[in-house]
Amino acid sequence: MLDLKFVRNNPEAVRAALDKRGASISLEPFLALDERRREKLVEAEKLKNKRNVVSEEIGRLKKAGQPAEKMVLEMREVSAAIKDMDDEIRNLEHEIQQTLLGIPNIPDADVPTGHDENDNVEVRRWGEPPQFNFEPQAHWDIGEALDIFDFERGSKVTGARFTFYKGLGAALERAVINFMLDTHTREHGCVEVLPPFMANSVSMTGTGQLPKFAEDMFKVENTDYYLIPTAEVPVTNMYAGEILDGNKLPIYHCAYSACFRAEAGAAGRDTRGLIRQHQFNKVELVKFTNQEDSWEELEKLTFNAERILQLLGLPYRVVVLSTGDLGFSSAKTYDIEVWLPSYNSYKEISSCSNFADFQARRANIRYREGKGKPRFVHTLNGSGLAVGRTVAAILENFQTQAGTVKIPVPLQPYLGGLTEIK
RNA sequence: GGAGAGAUGGCUGAGCUGGUCGAAGGCGCGCGACUGGAAAUCGCGUAAACGGCUUGAAACCGUUUCGAGGGUUCGAAUCCCUCUCUCUCCGCCA
């Protein structure tokens with residue numbers, strides 16, 4: 001959420017930012033509402049002041065045993081008028097709030113302007129895509145041949161985009177999760193969190209999934225709970241409403257969770273394999289920083305995620321998202337894309353974003369330095385990494401002509417020393 | 001699921017026979033005094049949001065906030081209703 005005062009005082013800057021994103025939201029009605037609200041507020045506050053002063057006087061008179069009936073009658077009317085005004089103000093505030101919640105974050109100045117993902121800009125590459133002297137298989141074919149995935153039974157038991165991992169497939173997924181968590185806790189100073197896999201609507205609003213993106217989530221019937229689309233939601237909202245000690249920043253968390261996404265609008269895309277599931281595993285990195293350090297921390301966060309791919313020996317590239325591809329809440333995002341032979345291209349495996357104070361304002365997460373006033377923290381997060389896609393990348397990049405898969409050395413201890421799935 | 005207790009400022013904890021209560025006391029924190037320095041002690045000060053004024057900020061003025069929402073009243077931390085959460089006991093359960 002943007003700062004109301006900022007929007008009020010810099011409507012041109014906000015409009016320009018929204019234009020860059022290709023999000024056409026008219027600010028006129030919003031500004032008019034804001035104007036009206038402040039007028040009403042001044043009016044109501046004057047009346048309240050009168051009520052307070054006179055009520056005090058009534059108390060004094062009654063104590064002294066003097067009549068105050070006339071004042072009481074007058075105040076009765078004043079109170080009724082206040083009530084009406086408060087109702088009106090409340091309605092205006094609700095409208096303003098709803099509008100504000102629907103406005104996306106302002107992209108950072110060095111985010112490239114563009115329409116969509118085709119305008120994203122590559123910033124670096126690591127590793128070389130493998131050269132095969134045979135026809136490489138897609139991970140769904142490798143996995144089924146090795147009997148480590150069962151897509152059909154997943155569909156039978158639940159539906160499309162649900163999968164059973166089986167045998168060494170399940171063990172590999174578990175090994176990758178543990179390897180990622182251990183790397184982030186031991187090498188990157190993250191405190192591990194295992195969060196709830198459901199979160200309420202307030203939390204979903206805090207991180208920006210609601211109110212605009214309800215259709216992307218699964219809601220639990222007869223409750224206010226949603227299945228989390230990412231651990232970002234519970235972990236960021238951990239500190240909602242709190243004032244953190246500035247000395248404790250930055251806070252680094254990593255968290256494993258299952259993630260649930262309705263994938264509305266993705267029908268027909270990535271229908272095979274592990275790439276796009278309604279339920280998938282992810283290790284998430286979440287940071288809380290002060291307002292000065294968040295840009296540097298975004299770079300570090302991205303390196304933390306890349307580190308996993310480097311240790312596993314998976315080739316990847318990093319792109320900075322253009323304004324047209326940038327997520328709603330983000331000020332700047334790097335996508336890390338891993339090489340997938342079956343796609344013959346790089347495929348997103350991590351998305352690292354600085355939200356600046358956008359989420360913090362929604363979730364009311366602040367910090368205080370010394371005796372200073374509370375300020376909103378900056379929040380960042382990134383996948384570190386999507387586990388299913390990592391497993392897919394391992395299968396495809398490290399497959400052999402015989403249909404087996406070599407296990408990257410750092411994962412072997414997590415699989416009891418296993419070097420190859422055959 | 002049944003019965004009960006509770007939710008107050010950064011923390012703890014009074015107030016809860018309605019009217020100088022934004023709220024005592026303590027702790028913590030900040031500044032100062034004392035000291036060679038420190039501890040202890042003493043003094044002073046310590047919430048936030050919104051709005052007005054202002055080029056901006058500060059100061060100042062006003063409003064709101066004692067879990068959330070609603071009600072009674074001229075006036076609510078205090079009375080009533082609903083909800084949420086926490087704790088205790090019982091039952092059930094991985």
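Every chain is numbered from 1, with letters handed out A, B, ... down the list of sequences.
Here the P atom of nucleotide B:C74 and the CD atom of A:Glu77 are 12 Å apart, to the nearest Å. Nucleotide B:U65 holds its C1' atom 13 Å from the CD atom of A:Glu93, rounded to whole Å. Note: CE (A:Met1) to P (B:A49) measures 14 Å, nearest angstrom. One can place CD1 of A:Ile365 at 17 Å from C1' of B:A48, the figure rounded to the nearest angstrom. Rounded to a whole Å, the CG atom of A:Asp245 is 15 Å from the C1' atom of B:G30. A:Glu43 has its CD atom 17 Å from the C1' atom of B:C50, to the nearest Å. Here B:G52 presents its P atom at 15 Å from NZ of A:Lys40, a figure rounded to the nearest Å. Atoms NZ (A:Lys70) and P (B:G75) sit 19 Å apart, rounded to a whole Å.
Shown here are the side chain to side chain contact (heavy atoms under 4.5 Å, CB included) partners of A:Ala266, two or more places apart in sequence or in another chain: A:Glu263, A:Arg276. With sequence neighbours excluded, the residues that form a side chain to side chain contact (heavy atoms under 4.5 Å, CB included) with A:Ala240 are A:Asn237, A:Ala363. Looking at residues two or more places apart in sequence or on another chain, you find no side chain to side chain contact (heavy atoms under 4.5 Å, CB included) involving A:Asn91. A:Phe398 meets the ring pair (Phe, Tyr, Trp, His ring centres under 6.0 Å) test with no other residue; sequence neighbours excluded.
Ring centroids of A:Phe358 and A:Phe328 are separated by less than 6.0 Å, placing the two rings close together.
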May I have the step-by-step check of ring-ring contact (aromatic ring centres under 6.0 Å, His included) for A:Tyr226 and A:Phe218, ending in yes or no? CA-CA 6 Å; A:Tyr226 295 80; A:Phe218 291 107; over 10 Å; no
Going through the checks in order, is the side chain to side chain donor-acceptor pair (under 3.5 Å) test met by A:Lys406 and A:Thr419? CA-CA 6 Å; A:Lys406 302 274 193 204; A:Thr419 58; over 6 Å; no
List the steps and the verdict of salt bridge (Lys or Arg N to Asp or Glu O under 4.0 Å) for A:Arg51 and A:Glu77. CA-CA 10 Å; A:Arg51 180 180 68 184; A:Glu77 279 172 34; over 6 Å; no
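Residue pairs meeting the salt bridge (Lys or Arg N to Asp or Glu O under 4.0 Å) criterion with at least one member in residues 206-235 of chain A: none, sequence neighbours excluded. Applying the ring pair (Phe, Tyr, Trp, His ring centres under 6.0 Å) rule to pairs touching residues 3-33 of chain A yields nothing, sequence neighbours excluded.
Within the nucleic acid shown, A:Arg361 has no heavy atom closer than 4.0 Å to any nucleic acid atom.
For the residue pair A:Asn354 and A:Ser294, a side-chain donor N or O sits within less than 3.5 Å of a side-chain acceptor on the partner. A donor atom on one side chain and an acceptor atom on the other are found under 3.5 Å apart for A:Asn281 and A:Tyr256. Using modelled atom types and a 3.5 Å distance limit, the side chains of A:Ser257 and A:Glu284 yield no donor-acceptor pair. Using modelled atom types and a 3.5 Å distance limit, the side chains of A:Thr379 and A:Gln359 yield a donor-acceptor pair. In the model, A:Ser55 has no side-chain atom that pairs as donor or acceptor with a side-chain atom of A:Asn52 under 3.5 Å.
Considering only side-chain N and O atoms, A:Arg38 lies nowhere under 4.0 angstrom from the phosphate OP1 or OP2 of B:C53.
The shortest distance between side-chain heavy atoms of A:Glu242 and A:Arg366 does not fall below 4.5 Å.
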Enumerate, atom names and distances included, each donor-acceptor pair closer than 3.5 Å involving a side-chain atom of residues 302-310 of chain A, sequence neighbours excluded.
unit_1   : atom_1 : unit_2   : atom_2 : d
A:Thr302 : OG1    : A:Leu298 : O      : 2.8
A:Asn304 : ND2    : A:Lys300 : O      : 3.3
A:Glu306 : OE1    : A:Arg124 : NE     : 3.2
A:Glu306 : OE1    : A:Tyr316 : OH     : 2.6
A:Glu306 : OE2    : A:Arg124 : NE     : 3.2
A:Glu306 : OE2    : A:Arg124 : NH2    : 2.5
A:Arg307 : NE     : A:Glu187 : OE1    : 3.1
A:Gln310 : NE2    : A:Tyr316 : OH     : 2.8

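The shortest non-hydrogen separation linking A:Met75 to A:Ile58 is CG-CD1, 4.3 Å.
Annotation: B:G15 and B:G70 have their P atoms spaced 28 Å apart (nearest Å). Nucleotides B:U8 and B:C79 place their P atoms 16 Å apart, quoted to the nearest Å. Comparing the P positions of B:U20 and B:U63 gives a spacing of 14 Å, expressed to the nearest Å. Comparing the same atom, P, in B:A76 and in B:C92 gives a spacing of 48 Å after rounding to whole Å. Nucleotides B:G6 and B:U65 have their P atoms positioned 24 Å apart, rounded to a whole Å. Atom name P, nucleotides B:G10 and B:C66: the rounded distance is 13 Å, in whole Å. Here the separation of B:A39 from B:G56, taken at their P atoms, is 44 Å to the nearest Å. Comparing the C1' positions of B:C87 and B:G9 gives a spacing of 22 Å, expressed to the nearest Å.
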Once each nucleotide of nucleotides 55-63 of chain B is scored for protein heavy atoms under 4.0 Å, what B/S/- sequence comes out, 5' to 3'? -------BS
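Residue-to-nucleotide proximity on RNA chain B shows that, of A:Pro374 and A:Ile243, the 5′-proximal contact is made by A:Ile243.
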Atom pairs, N/O to N/O, protein against nucleotides 66-70 of chain B, distance under 3.5 Å?
unit_1 : atom_1 : unit_2  : atom_2 : d
B:G70  : OP1    : A:Arg90 : NH1    : 3.4

Can you give me the N/O atom pairs linking the protein to nucleotides 17-20 of chain B at distances under 3.5 Å, or say none if there are none?
unit_1 : atom_1 : unit_2  : atom_2 : d
B:G19  : N2     : A:Ser55 : O      : 2.9

Using atom names, set out every protein N or O paired with an N or O of nucleotides 83-87 of chain B below 3.5 Å, distance rounded to 0.1 Å.
none

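Nearest to the side chain of A:Arg366, among B:G52, B:A49, B:C50, sits B:A49.
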Under 3.5 Å for both distances, Watson-Crick or G-U wobble, that's the pair rule; now give the dot-bracket for RNA chain B, with | marking pairs to another strand and [ ] for crossing ones. ((((((((.[[[..)...(.....]]]((((((.......))))))((((((.......)))))).[[[[[..)....]]]]])))))))....
